[in-house]
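Comments concern the structure below.
Just the heavy atoms: all of them, side chains too, but no hydrogens, waters or symmetry mates, feed the values below. If you're wondering where the values come from, they're calculated on a predicted model, not measured in any experiment.
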Amino acid sequence: MSRAEAKERNRRALLDSARRIVARDGHRARLEEIAELAGLTTGAVYSLFGSKNGLLIALLADYLGPHYEDLEQAVPPELGLADAVGAFARHYRRLCDDPDARRHLSFEISVQDMALRDPGLGPRFAASVRAHEERLTALFTGRVHDGAALTPRQARRLATALRGLLVGLSQGVVLGLIGAAPEPVAPEPVAPEPVAPEPDASGPDAPEPDSPEPDVSGPHASEGGASEGDAGEERASERYFADAARALISPPVLGPP
């Protein structure tokens with residue numbers, strides 16, 4: 001193993017152990033225990049991250065990076081603003097169904113608690129969150145809404161509002177404050193009343209039966225012209241997240257260009 005490979009291995013080991021200890025102990029997490037779990041010494045922490053706070057900021061970036069990469073993949077670049085916001089919100093709702101959702105929430109709350117308690121960590125924590133929010137801003141900048149492209153200023157305001165809304169809603173789902181909505185249930189088919197055949201209805205000169213009207217109520221029916229997937233199959237809770245998010249696309253939220 002090269003020196004660079006060994007360094008990256010140690011870095012990864014410290015990040016993994018720090019995530020476990022922080023999720024368990026919060027602000028009481030001890031640097032010695034983090035290093036011990038990683039099979040290293042506290043000197044490795046200072047060598048790689050500079051300090052305990054440096055490790056925590058790197059831990060936050062390591063956690064948020066894949067999260068935002070998944071979001072970018074969930075929102076294709078060809079979508080207009082309303083559809084992009086809807087896809088973004090649905091992705092957030094589906095994250096609540098992850099088997100590790102409660103553990104992820106525990107980690108997030110623990111890091112926030114540490115940032116509130118440590119005056120030196122708070123500003124660095126806020127800067128890290130803002131840096132990742134810029135990626136969300138870039139995700140919406142330039143998308144078309146009402147015939148105009150969203151400016152970076154408007155996208156930044158929208159990104160801030162969306163993050164606040166969807167983080168709150170997601171925490172409500174994970175904590176059980178927002179009940180899981182059931183899957184839409186299709187109505188039971190109603191059997192037609194039996195009709196006695198006419199005496200001459202089966203003769204050779206009987207008219208051909210009318211062609212049935214096409215069924216537009218099945219799973220591929222469109223709802224409100226939505227282009228973001230199968231409205232008949234999506235869960236009511238995903239629609240709620242999407243509708244709440246799209247409500248933020250308004251002049252008071254977006255502001256001037």
Side-chain angles (χ1 to χ4, degrees), residues 1-75 88 91-92 94-96 98-141 152 155-156 159-160 162-164 166-168 170-171 174-175:
M1 182 180 296
S2 68
R3 183 173 181 178
E5 290 172 336
K7 182 178 180 180
E8 179 56 30
R9 182 198 62 182
N10 292 343
R11 182 180 180 277
R12 184 74 261 164
L14 285 168
L15 288 171
D16 291 343
S17 62
R19 185 164 176 176
R20 292 174 60 183
I21 298 298
V22 168
R24 188 191 71 190
D25 298 343
H27 70 278
R28 297 183 179 86
R30 296 173 58 247
L31 193 58
E32 293 79 8
E33 190 169 1
I34 292 173
E36 182 181 357
L37 182 61
L40 299 167
T41 66
T42 55
V45 176
Y46 291 103
S47 174
L48 291 167
F49 301 101
S51 64
K52 179 181 178 181
N53 282 352
L55 171 61
L56 293 175
I57 292 301
L59 179 61
L60 182 64
D62 185 70
Y63 173 76
L64 289 176
H67 174 66
Y68 278 92
E69 288 170 7
D70 289 344
L71 284 176
E72 289 168 354
Q73 293 179 3
V75 186
F88 173 70
H91 177 76
Y92 241 100
R94 288 191 290 271
L95 291 176
C96 301
D98 189 311
D100 290 329
R102 294 183 69 87
R103 184 169 61 85
H104 292 327
L105 178 58
S106 175
F107 168 75
E108 292 169 7
I109 293 175
S110 296
V111 173
Q112 292 171 7
D113 179 55
M114 297 175 78
L116 289 171
R117 292 172 180 270
D118 188 336
L121 181 59
R124 298 181 66 183
F125 172 84
S128 179
V129 173
R130 281 195 295 269
H132 284 84
E133 194 170 282
E134 286 299 318
R135 296 178 65 174
L136 189 57
T137 298
L139 190 64
F140 294 117
T141 298
R156 186 172 296 107
T160 300
L162 282 172
R163 188 174 62 82
L166 295 175
V167 166
S170 299
Q171 290 181 358
V174 176
L175 293 172

Exercise. Measuring from His27:NE2 to Arg117:CZ, what's the distance to the nearest 0.5 Å?
Worked result: 3.5 Å
Problem set entry | Check: Leu48 and Lys7 side chains under 4.5 Å, non-hydrogen atoms | yes
Problem set entry | Nearest atoms (heavy-atom pairs only) where Ser17 meets Ala38 | OG-CB, 3.6 Å
Exercise. Step by step, would you call Glu133 with Arg156 a salt bridge (charged side-chain N to carboxylate O under 4.0 Å, His left out)?
Worked result: CA-CA 8 Å; Glu133 194 170 282; Arg156 186 172 296 107; over 6 Å; no
For this session: Report the C-alpha distance between Tyr92 and Leu162 in whole Å, list the side-chain angles of each, state the deciding distance to 0.1 Å, and finish with yes or no for side chain to side chain contact (heavy atoms under 4.5 Å, CB included).
Result: CA-CA 10 Å; Tyr92 241 100; Leu162 282 172; over 6 Å; no
Problem set entry | Sub-4.5 Å side-chain heavy-atom contact between Asp118 and Phe125 | no
Problem set entry | Close side-chain approach of Arg163 and Val129, heavy atoms under 4.5 Å | yes
Exercise. Any side-chain heavy atom of Leu139 within less than 4.5 Å of one from Arg135?
Worked result: no
Exercise. How far apart are the closest heavy atoms of Cys96 and Ala101, and which atoms are they?
Worked result: O-CB, 3.6 Å
Exercise. With a 4.5 Å heavy-atom cut-off, do Leu121 and Leu56 have their side chains touching?
Worked result: yes
Exercise. Taking all non-hydrogen atoms of both residues, which atom of Asp25 and which atom of Ala29 are closest, and how far apart?
Worked result: CB-N, 3.8 Å
Problem set entry | Contact summary for Leu59 and Leu15, nearest pair of heavy atoms | CD1-O, 3.4 Å
Exercise. With a 4.5 Å heavy-atom cut-off, do Tyr46 and Thr41 have their side chains touching?
Worked result: no
Problem set entry | Salt bridge present between Arg24 and Glu33 (N-O < 4.0 angstrom) | yes
Problem set entry | Stepwise salt bridge (charged side-chain N to carboxylate O under 4.0 Å, His left out) test for Arg20 and Asp16 | CA-CA 7 Å; Arg20 292 174 60 183; Asp16 291 343; over 6 Å; no
Exercise. Which heavy atom of Ala155 sits nearest a heavy atom of Thr137, and at what distance?
Worked result: CB-O, 3.5 Å
Exercise. Checking side chain to side chain contact (heavy atoms under 4.5 Å, CB included) for the pair Leu105/Gln171: CA distance, chi angles, key distance, verdict?
Worked result: CA-CA 7 Å; Leu105 178 58; Gln171 290 181 358; 3.5 Å; yes
For this session: Find out whether Leu136 and Thr160 are in side-chain contact, i.e. whether some heavy atom of one side chain is under 4.5 Å from a heavy atom of the other.
Result: no
For this session: Could you give me the CA-CA distance, side-chain angles and deciding distance for Leu37 and Leu14, then say whether side chain to side chain contact (heavy atoms under 4.5 Å, CB included) is met?
Result: CA-CA 8 Å; Leu37 182 61; Leu14 285 168; over 6 Å; no
Exercise. Closest approach of Ala61 and Ser128, non-hydrogen atoms and distance?
Worked result: N-OG, 4.4 Å
Problem set entry | Test item: Thr42 side-chain N/O and Glu32 main-chain N/O as donor-acceptor pair under 3.5 Å | no
Problem set entry | Atom CD of Glu36 with >12 non-hydrogen neighbours under 6.0 angstrom | no
Seminar exercise, completed: In this structure, CZ of Arg11 is separated from CG of Leu55 (nearest 0.5 Å) by 9.5 Å
For this session: Mark yes or no: Arg19 above the aromatic ring of Tyr63, with NZ or CZ under 6.0 Å from the six-membered ring centre and no more than 45 degrees from the axis.
Result: no
Exercise. Does CZ belonging to Arg28 count more than 12 external heavy atoms closer than 6.0 Å?
Worked result: no
Exercise. Are Arg124 and Leu60 close enough that some pair of their side-chain heavy atoms sits under 4.5 Å apart?
Worked result: no
Exercise. Are more than 12 heavy atoms from other residues, nucleotides or ligands located less than 6.0 Å from atom CZ of Arg102?
Worked result: no
For this session: Test Phe107 against Asp100 for side chain to side chain contact (heavy atoms under 4.5 Å, CB included), laying out the working first.
Result: CA-CA 11 Å; Phe107 168 75; Asp100 290 329; over 6 Å; no
Exercise. Atom CZ in Arg94, atom OG in Ser170: separation rounded to 0.5 Å?
Worked result: 11.5 Å
